[in-house]
2 protein chains.
Amino acid sequence: MVLFDRDGYDATTVGDIAAALGIGRRTVFRYFASKADIVWGEFDAELARLDRHLRAAPDGEALFDSLRQAVVGTNHFGAGELGELRVRIRLIDSVDALVAHSAVRYGEWRRVVAAFAARRLGGAPDDLPAETLSRAALGAATAAFTCWVRRGDDDLSDDLDRAFDLLAHGFATTDPRPGRSGSG
Amino acid sequence: MVLFDRDGYDATTVGDIAAALGIGRRTVFRYFASKADIVWGEFDAELARLDRHLRAAPDGEALFDSLRQAVVGTNHFGAGELGELRVRIRLIDSVDALVAHSAVRYGEWRRVVAAFAARRLGGAPDDLPAETLSRAALGAATAAFTCWVRRGDDDLSDDLDRAFDLLAHGFATTDPRPGRSGSG
DNA sequence: TCCATTTTGGCATCGAGTGTTATAAATTGG
DNA sequence: CCAATTTATAACACTCGATGCCAAAATGGA
């Protein structure tokens, strides 16, 4: 939304938006479940795409490779969408109300990933392995998005790949002092 | 809060709480910044403890070992506190309003961890490595808490350790088919 | 054109959160 | 022990997001 970007999210009331669109305030809440969801756009569709990617992944492929490819694959955006995406993400992780709401949306994302992990690992989606994997993957993805937005014009896929690499190799070896491997 | 547990978070208004405490509604908001913060208790103090742990970690210790020990170390609770803690965590990740608010609080947690990672890794706290590590660590910690609450009476430290192990070793090897290591 | 169905949006209400302000309580000073 | 000052309390009014209710407007047939 242009108004959010220009005047700030908190300063823009739902009434303002309704007025700008020439519709009733009440009608805004018919199209969007909440003020925050205006910023999130068609996240449901993206979730469905992620789910489709994960279900389509070849069974022989390693779990984490499938996941990374699904996440990177569902986040290819055309040049025309990038500007809007930047505004959205910047809002989502700078405005408190949106940071808060994001947890609910990201929870849906995690459920899709956890369900996939459970199918592959054999356990339940809410067992520790699937739960940890989905949450860590979410962390990697959001880290990539955040960093991408912060520094001007790099490649989003690149950041996603680098973040997922960190997860793939494990943090026991993430250390400036080479040679150590986590048995101190 | 006992009222939240008994009547539900949403069904309990701040007015109800004020009445139950025999104080004014406005006064509740002097003690707590928001309704959600009533559930979070003295999270600031826990953050400070985490920060102290991380700053006290020996410099020779591997980054991830320090982190795990700080997280596990700041989450040892006496038997008397466990019941209350369970209620809080169950509320925090089942009630939407609290899930939402948790993102803001967890953001503060992440900043502490990212600052530590940046000190060790040499980069900035908002560079991709520190950002990814802090978010993944948060994911592991919350996964452990969630699983611990879900299944009755296991050891929390145990769950934390298992979740951090998953992160430490990396997810490339997290696969039911042994022998694969993520190059497929 | 008339009727039925859906969409819209006005109105009222609830609850969280905040600024203002009067009052009660505690503290300080004489 | 009382007066003056400061601080904690809470009543009041208000904003804004969100929701229920219902009447008016648009849509779509027959």
Side-chain angles (χ1 to χ4, degrees), chain A residues 1-45 47 84 87-109, chain B residues 1-45 47 84 87-109:
Chain A
M1 227 343 112
V2 187
L3 289 182
F4 288 154
D5 192 28
R6 201 192 55 190
D7 305 331
Y9 178 83
D10 290 327
T12 307
T13 72
V14 176
D16 293 339
I17 295 164
L21 295 174
I23 61 177
R25 190 185 110 89
R26 194 67 183 75
T27 306
V28 174
F29 283 110
R30 187 184 326 284
Y31 291 136
F32 301 98
S34 71
K35 183 183 176 184
D37 279 309
I38 298 173
V39 179
W40 278 80
E42 338 105 0
F43 185 68
D44 291 343
L47 268 194
E84 174 98 354
V87 171
R88 282 183 180 174
I89 294 183
R90 196 173 41 71
L91 283 171
I92 286 172
D93 63 42
S94 66
V95 177
D96 259 18
L98 290 171
V99 170
H101 183 77
S102 74
V104 177
R105 288 322 203 116
Y106 286 147
E108 300 166 18
W109 191 94
Chain B
M1 229 343 109
V2 187
L3 289 181
F4 288 155
D5 192 28
R6 201 191 56 190
D7 304 333
Y9 179 83
D10 290 326
T12 307
T13 72
V14 176
D16 293 339
I17 295 164
L21 295 174
I23 62 176
R25 188 186 109 90
R26 195 66 183 77
T27 306
V28 175
F29 283 110
R30 185 183 329 281
Y31 291 138
F32 301 97
S34 72
K35 183 182 175 185
D37 279 310
I38 299 172
V39 179
W40 278 81
E42 340 102 358
F43 185 67
D44 291 342
L47 268 195
E84 174 98 354
V87 170
R88 282 183 180 173
I89 294 183
R90 196 173 42 67
L91 283 171
I92 285 173
D93 64 39
S94 66
V95 178
D96 258 19
L98 290 172
V99 170
H101 183 76
S102 73
V104 178
R105 288 322 204 122
Y106 287 148
E108 299 165 19
W109 192 93

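Basis for what follows: all heavy atoms, side chains included, without hydrogens, waters or symmetry-related copies. Sequence lines set the chain letters: A, B, ... in the order given, protein chains first and strands last, and positions in each chain run from 1.
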Which atom pairs, one a donor and one an acceptor, fall under 3.5 Å between side chains of residues 14-24 of chain A and the rest of the protein, sequence neighbours left out?
{"unit_1": "A:D16", "atom_1": "OD1", "unit_2": "A:T13", "atom_2": "OG1", "d": "3.4"}
{"unit_1": "A:D16", "atom_1": "OD2", "unit_2": "A:T13", "atom_2": "N", "d": "3.0"}
{"unit_1": "A:D16", "atom_1": "OD2", "unit_2": "A:T13", "atom_2": "OG1", "d": "3.3"}

Dump the pairs, protein N or O against N or O of nucleotides 24-26 of chain D, anything under 3.5 Å, distances to one decimal.
none

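- Between B:Y31 and the phosphate of D:dT9, there is a side-chain N or O to OP1/OP2 separation shorter than 4.0 Å.
- The interatomic distance linking A:D16 (CG) with D:dG17 (P) rounds to 8 Å, in whole Å.
- Atom CZ in B:F29 sits 11.0 Å away from atom OG1 in B:T27 (nearest 0.5 Å).
- Straight-line distance from the CG atom of A:D96 to the P atom of D:dG17: 16 Å, rounded to whole Å.
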Residues 99-106 of chain A, side-chain donor-acceptor partners within the protein, below 3.5 Å, at least two apart:
{"unit_1": "A:H101", "atom_1": "NE2", "unit_2": "A:D37", "atom_2": "OD1", "d": "3.2"}
{"unit_1": "A:S102", "atom_1": "OG", "unit_2": "A:V99", "atom_2": "O", "d": "2.5"}
{"unit_1": "A:R105", "atom_1": "NE", "unit_2": "A:D37", "atom_2": "OD1", "d": "3.0"}
{"unit_1": "A:R105", "atom_1": "NH1", "unit_2": "A:D44", "atom_2": "OD1", "d": "3.3"}
{"unit_1": "A:R105", "atom_1": "NH1", "unit_2": "A:E108", "atom_2": "OE1", "d": "3.4"}
{"unit_1": "A:R105", "atom_1": "NH2", "unit_2": "A:D37", "atom_2": "OD1", "d": "2.7"}

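- Residues satisfying the ring pair (Phe, Tyr, Trp, His ring centres under 6.0 Å) test with A:F4, not counting sequence neighbours, are A:Y9.
- Note that the CD atom of B:E84 and the CZ atom of B:R88 stand 4.5 Å from one another [nearest 0.5 Å].
- In this entry the distance linking CG of A:D7 with P of D:dC16 reads 13 Å, nearest Å.
- By the salt bridge (charged side-chain N to carboxylate O under 4.0 Å, His left out) test, B:D5 pairs with B:R90, sequence neighbours left out.
- Rounding to the nearest 0.5 Å places CD of B:E42 at 11.5 Å from CG of B:L47.
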List the protein contact pattern of nucleotides 13-27 of chain C with one symbol per nucleotide (5' to 3'): B for base contact, S for sugar-phosphate-only contact, - for none; contact means a heavy-atom distance under 4.0 Å.
--SSBBB--------
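- In this entry the distance linking CZ of A:R30 with P of D:dA18 reads 15 Å, nearest Å.
- To the nearest 0.5 Å, the span separating CG on B:L98 from CG on B:D10 amounts to 8.0 Å.
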